[in-house]
Amino acid sequence: MVSQIIFVLLAIAGTALFAYNARKVIRNIKLGRAVNRNDKPQERLLTMAKVAFGQTKMAVRPVPFLLHLVVYLGFVIINLEVLEIMIDGAFGTHRVFAGLGGFYNFLIGSFEFLAAGVWLACAIFLIRRNIVKIKRFSGVEMKSWPKSDANYILITEILLMTAFLTMNAADVKLQTLGAAHYIEAGAFPVSTWLQGLLPNNTDSLIFIERFCWWFHIIGIFGFLNYLPYSKHFHIMLAFPNTYFSNLKPKGQFTNMDSVTNEVKAMLDPSFVPADTAPGKFGAKDVQDLTWVNLMNAYTCTECGRCTSVCPANITGKLLSPRKIMMDTRDRVEEVGKNIDKHGADHQDGKSLLDDYITREEIWACTSCNACTEACPVNIDPLEIIVELRRYAVMEESVAPASINAMLGNVENNGAPWKYSPADRFNWAEGN
Amino acid sequence: MQSDEKSYTQNTKRNTRAMEFKVPTMAEMMAAGEEPEILFWVGCAGSYDERAQKITRDICKILHHVGLKYAVLGTEESCTGDPAKRAGNEFLFQMQAMTNIEVLNAYNIKKIVTGCPHCFNTIKNEYPGLGGTYEVIHHTQLIQDLINEGKLKAEGGESFKGKKITYHDPCYLGRANGVYEAPRKALEVLDADLVEMKRCKANGLCCGAGGAQMFKEPEKGKKDINIERIEEALLTEPQFIAAGCPFCMTMLNDGVKLKDKEQEVKVLDIAEITARANGL
C-alpha cells in the first residue's frame with residue numbers, strides 16, 4: 001500500500017514538473033512573431049507522417065538510420081509496457097495485462113528484443129561519439145554541455161534498458177521458482193539468458209526485481225523531466241516541428257509585407273497601406289524571429305547533418321548551421337529566464353546577433369539550402385540567417401563593403417555590376 | 001568571385017560569333033501587334049558577363065532553331081532583385097520586383113524562360129506575392145520539353161557520344177526548386193558517358209556563389225568553396241563539366257583554371273552543349 005502511494009505521488013510529481021517546464025518552453029516559443037502555418041492541413045499531416053513518423057530523411061545515411069530506427073521503435077513500442085507498469089504501480093497488481101495470454105507473451109517477447117536492440121544501438125552510438133569520433137559530432141559548438149548531454153542520454157537509455165531486462169530476468173526466475181505474486185506470464189527470449197547472472201535465492205530475486213522496477217520507472221520520470229533541458233526534446237517536438245514546417249519551395253524567401261507597403265507607397269503616392277505599423281525589419285534578437293524558428297531551435301537534437309553538408313563549414317568558415325540553432329535556443333532560454341526573474345520587459349543589453357551569432361557567420365552563408373535538405377526534422381537555419389542579414393542591412397546599413405557596392409549597383413544600374421543599363425542588350429550585337 | 005574585373009569584362013565590341021538572325025524585343029513585337037509564346041528572361045550575368053553572353057546567344061539559337069515565337073525585354077529588363085533579397089535588402093528587392101512586374105504585366109507576359117536559376121527562382125516563387133504570376137521555366141526545362149516533343153534532337157553538330165560529362169546541380173534549380181531531371185535529360189540524348197559526382201542532386205555541393213557570395217570575398221577559411229567543388233568534379237575525370245547557371249559557370253571555370261586543367265576539361269552550359277550538338 002505504501003509503495004502504491006509513493007508511486008502515485010511520484011507519478012503526479014513527475015508529470016506536474018514536466019508540465020510546468022514544458023509550459024515554460026511553450027511560453028518561450030510564443031515569444032516569437034506570428035506566422036501562419038495552419039494552411040494545407042492534409043499536406044502537413046502527410047509531411048509529419050513521412051518525415052517524423054516515417055523517418056524518411058534519416059534514410060540518407062543507412063547506418064545511423066537503422067540504429068536510430070531501433071531506438072525510435074523501442075521508445076514508441078516499449079511505452080506500451082510503461083502503461084502496464086503504471087497500472088501495476090498504482091494498483092499493486094503484477095503484470096496486469098497477463099490475461100491477454102498468447103498476445104501478451106508476444107508483446108513482452110518483442111519488447112525484450114527491442115530493449116536489447118536499444119541497448120546495443122545506444123552502445124554503438126556511444127562508441128561512434130567517443131571512440132570513433134565521427135566528425136559531425138565535433139565542432140566549436142559541441143564542447144562542454146552539448147557533448148555531455150548526448151552521452152548522458154545514451155547512458156541513461158542503456159541503464160533503463162538494463163534495468164528493464166534485469167527486472168524481467170528476475171521475474172522469469174521467480175516464476176520458475178513458483179514465488180507467490182509472480183504469476184507465470186510473458187515470454188522472455190532475451191532475459192532468459194541473463195538468469196544465470198542472478199542469485200537463486202527468492203528474497204534476493206524479489207529485491208532485484210523490485211529495485212529494477214523502481215529504477216526503471218523513476219528513470220523514466222527523471223528522463224521526462226530532463227527533456228526540456230536537453231537536445232533530446234526532439235523526441236516530442238519532431239512531430240509538431242515537421243507538421244508546421246515550410247511547405248513552399250526551399251528557394252522561396254518570405255516577402256516582407258511591411259516592406260511591400262512602403263515600396264507601394266513609394267511607387268504610387270495614392271496607395272494607402274492597410275497596416276501602418278512597420279515595426280522592426282529583420283531580426284536582432286529571438287523575439288524578432290517567428291515562433292516556428294524558435295520551435296526549430298528547441299527541436300534541434302544537434303546531430304550535425306546540416307553542418308556536415310554546409311559548403312561554408314566544409315571549407316573551414318566559422319558558419320555552422322547547427323550552431324545557429326543552438327545559439328537561438330540558448331538565447332531564447334536566457335530571455336525566458338530573464339522574464340522569470342525580472343519580468344516581461346527586462347532588457348539585458350544582449351541580443352542574438354553579435355552576442356551569440358557573429359556577422360562573420362551570417363555573411364558566410366551561400367543560401368544553398370543544403371542544411372534544410374539535410375535536417376531529418378525539417379529545421380530551417382537559413383531563415384534565421386536571412387532575418388539577421390535583413391536586420392544588419394535594413395536597420396543598421398551594415399554589410400561587407402562589396403555587398404554594399406553590389407546593392408548600390410542594383411539600385412542605380414539595375415544590375416549587380418557597374419554596367420550601364422543602356423548596354424544591357426549589347427550581347428545581341430551583330431544581329 | 002574575387003576577380004570581378006577578370007571574370008566580368010564587359011564586351012561592348014561586336015561579337016565574333018555573330019548570330020545569323022535578329023533577336024526580337026518585346027517593344028518590337030508589341031509595335032507589330034504580336035505576342036510571343038514565351039519571353040526569354042536573360043538576366044544580368046547573361047546580359048553583361050562575356051562568358052555568360054555566349055550561353056544567352058546559344059539559348060536564342062535554340063529558340064530560333066525550333067521556331068518558337070519568343071522575345072526578350074532588351075534594355076527594358078532589370079535585375080530581378082535576387083542578390084539584394086539574399087543579402088537582406090528586401091526594400092531594394094521589392095523595388096526591382098515591382099518595377100519588373102509592371103513591365104511584364106504591361107506586355108501581358110504569360111510564360112517566361114530564364115537563363116539563370118536565380119532569376120528562375122525569384123520570378124517563379126517570389127513575384128506572385130507581389131502581383132506577378134507567370135509560368136516560369138528554366139532553360140534546361142525548355143530543352144527537356146523540346147526534346148520530349150521531338151522538336152530538338154542531338155544531330156547535325158558536334159558528337160558528344162561516349163564523352164565523359166559530369167553535371168553540377170545549381171542550388172537554386174535543384175534543392176531550391178526540385179529540378180534535377182531536366183538538365184540530365186538534355187545530356188542523355190547526347191549518348192554521352194554521364195558520371196555523377198559524389199555529392200549530386202539533393203545532396204549537391206554549392207559552387208560557392210549563392211546568397212550574394214558572388215559579389216564578395218569569401219570569409220576566411222581553409223579553402224574556397226569552388227575549389228572544393230572542382231576537386232570533386234575532377235575526381236570523375238570528366239571531359240566536360242555541365243552547368244546550368246552563369247554564376248556556377250564562373251565559379252567552376254575559375255576552379256578549372258586554378259587547377260590548371262583548362263586543356264583537359266571544358267565547362268559548358270547545358271544550352272551550349274545542346275546548341276553544339278545540333279550544329280547551331
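Being a predicted model, the structure only gives us computed values, none of them experimental.
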Novice: If you count heavy-atom pairs within less than 4.5 Å of chain B, which of Ala405(A), Pro311(A), Ala392(A), Ala399(A) leads?
Specialist: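 Top count of heavy-atom pairs under 4.5 Å with chain B: Pro311(A).
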
Novice: Go through the atoms of Leu267(A) and report whether side chain, backbone, both or neither lie under 4.5 Å from a heavy atom of chain B.
Specialist: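 Interface part for Leu267(A): side chain.
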
Novice: Whether Arg86(B) engages the ring of Phe253(A) as a cation-pi pair (distance to the six-membered ring centre under 6.0 angstrom, angle to the ring normal within 45°) should be assessed.
Specialist: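 Judged by the rule (NZ or CZ under 6.0 Å from the ring centre, within 45° of its axis), Arg86(B) counts as positioned above Phe253(A).
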
Novice: Less than 4.5 Å to any heavy atom of chain B: does that hold for the side chain of Leu319(A), its backbone, both, or neither?
Specialist: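 For Leu319(A), neither part sits under 4.5 Å from chain B.
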
Novice: Does the pair Asp285(A)/Arg331(A) count as a salt bridge with the N-to-O cut at 4.0 Å?
Specialist: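 Salt bridge flag = yes for Arg331(A) with Asp285(A).
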
Novice: Side chain, backbone, both or neither: which part of Cys60(B) has a heavy atom under 4.5 Å from chain A?
Specialist: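 Just the side chain, heavy atoms under 4.5 Å.
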
Novice: Examine whether an atom of Asn100(B) lies under 4.5 Å from a heavy atom of chain A, and if so say whether it belongs to the side chain, the backbone or both; otherwise answer neither.
Specialist: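 Contact with chain A: none, neither part.
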
Novice: If you count heavy-atom pairs under 4.5 Å with chain A, which of Cys206(B), Gly178(B), Pro117(B) comes out on top?
Specialist: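 Ranked by heavy-atom pairs under 4.5 Å with chain A, first place is Cys206(B).
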
Novice: Heavy atoms only, distances under 4.5 angstrom: which of Ala202(B), Gly204(B), Ala52(B) has the most pairs with chain A? Name it, please.
Specialist: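 Among Ala202(B), Gly204(B), Ala52(B), the one with the most close pairs to chain A is Ala202(B).
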
Novice: Evaluate whether atom CD of Glu28(B) has more than 12 neighbouring non-hydrogen atoms of other residues, nucleotides or ligands under 6.0 angstrom away.
Specialist: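 More than 12 heavy atoms, drawn from other residues, nucleotides or ligands, come within 6.0 Å of this atom.
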
Novice: Check whether Tyr172(B) gets within reach of chain A through its side chain, its backbone, both or neither, counting any heavy atom under 4.5 Å.
Specialist: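 Tyr172(B) touches chain A through side-chain heavy atoms alone.
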
Novice: At what distance, to the nearest 0.5 angstrom, does CG of Asn89(B) lie from CE of Met406(A)?
Specialist: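 Reported to 0.5 Å precision, the distance equals 8.5 Å.
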
Novice: Do you know which of Ile227(B), Leu130(B), Leu205(B) has the most heavy-atom pairs with chain A at a distance under 4.5 angstrom?
Specialist: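 Heavy-atom pair counts peak at Leu130(B).
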
Novice: For the ring pair Tyr419(A) and Tyr48(B), is the centre-to-centre distance below 6.0 Å?
Specialist: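 That pair passes the under 6.0 Å test.
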
Novice: Which residue out of Gly282(A), Ala370(A), Ala422(A), Cys310(A) racks up the most heavy-atom pairs below 4.5 Å with chain B?
Specialist: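 Answer, by heavy-atom pair count under 4.5 Å with chain B: Ala370(A).
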
Novice: What do you reckon, is NZ of Lys223(B) surrounded by more than 12 foreign heavy atoms closer than 6.0 Å?
Specialist: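 Counting other residues, nucleotides and ligands, NZ of Lys223(B) exceeds 12 neighbours.
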
Novice: Taking side chain as everything from C-beta outward and backbone as N, CA, C, O, which of these in Met256(A) sits under 4.5 Å from a heavy atom of chain B? Side chain, backbone, both or neither.
Specialist: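 It is both, since atoms from each part get that close.
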
Novice: So that I can tick it off, tell me whether Asp169(B) and Lys201(B) are bridged by a salt bridge, with the cut-off set at under 4.0 angstrom between side-chain N and carboxylate O.
Specialist: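 Salt bridge: no.
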
Novice: Counting heavy-atom pairs closer than 4.5 Å to chain A, which one of Gln96(B), Lys124(B), Glu77(B) comes out on top?
Specialist: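 So the answer, after comparing Gln96(B), Lys124(B), Glu77(B), is Glu77(B).
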
Novice: Output the option from Val263(A), Val393(A), Asn255(A) having the highest count of non-hydrogen pairs under 4.5 Å with chain B.
Specialist: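 Among the listed options, the one with the most contacts to chain B is Asn255(A).
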
Novice: Report which part of Arg229(B) has an atom under 4.5 Å of a heavy atom belonging to chain A: side chain, backbone, both, or neither.
Specialist: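 No part of Arg229(B) comes within 4.5 Å of chain A.
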
Novice: For chain A, which of Ala97(B), Ser47(B), Gly221(B), Cys171(B) has the most heavy-atom pairs under 4.5 Å?
Specialist: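 Max contact count across the listed options: Ser47(B).
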
Novice: Need one label for Thr25(B): side chain, backbone, both or neither, based on atoms under 4.5 Å from any heavy atom in chain A.
Specialist: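 Answer is side chain: those atoms of Thr25(B) sit under 4.5 Å from chain A.
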
Novice: Apply side-chain contact (heavy atoms from CB on, under 4.5 Å) to Cys303(A) and Arg136(A), showing your working.
Specialist: CA-CA 7 Å; Cys303(A) 72; Arg136(A) 71 181 154 94; 3.8 Å; yes

Novice: Is Asn121(B) in contact with chain A via its backbone, its side chain, both, or neither, using a 4.5 Å heavy-atom distance?
Specialist: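 Contact with chain A: side chain only.
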
Novice: Scan side-chain atoms only and decide if Thr372(A) and Asn369(A) contain a donor-acceptor pair under the 3.5 Å cut-off.
Specialist: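 Distance-only check passes for Thr372(A) and Asn369(A).
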
Novice: Side chains of Asn105(B) and Tyr134(B): any donor to acceptor distance under 3.5 Å?
Specialist: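 There is such a pair between these side chains.
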
Novice: I'd like to know if the side chain of Asp269(B) pairs up with that of His139(B) as donor and acceptor (distance under 3.5 Å, no hydrogens or angles considered).
Specialist: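 Checked: Asp269(B)/His139(B) side chains pair up, N/O donor to acceptor below 3.5 Å.
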
Novice: If you tally heavy-atom pairs under 4.5 Å against chain A, which of Gly74(B), Ala87(B), Gly81(B) wins?
Specialist: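 Sorted descending by pairs with chain A, the first entry is Ala87(B).
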
Novice: Need one label for Leu92(B): side chain, backbone, both or neither, based on atoms under 4.5 Å from any heavy atom in chain A.
Specialist: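 For Leu92(B), the side chain is the part near chain A, not the backbone.
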
Novice: Could you give the distance from OG1 (Thr254(A)) to CD (Glu387(A)), rounded to the nearest 0.5 Å?
Specialist: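 Thr254(A) atom OG1 to Glu387(A) atom CD measures 5.5 Å (nearest 0.5 Å).
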
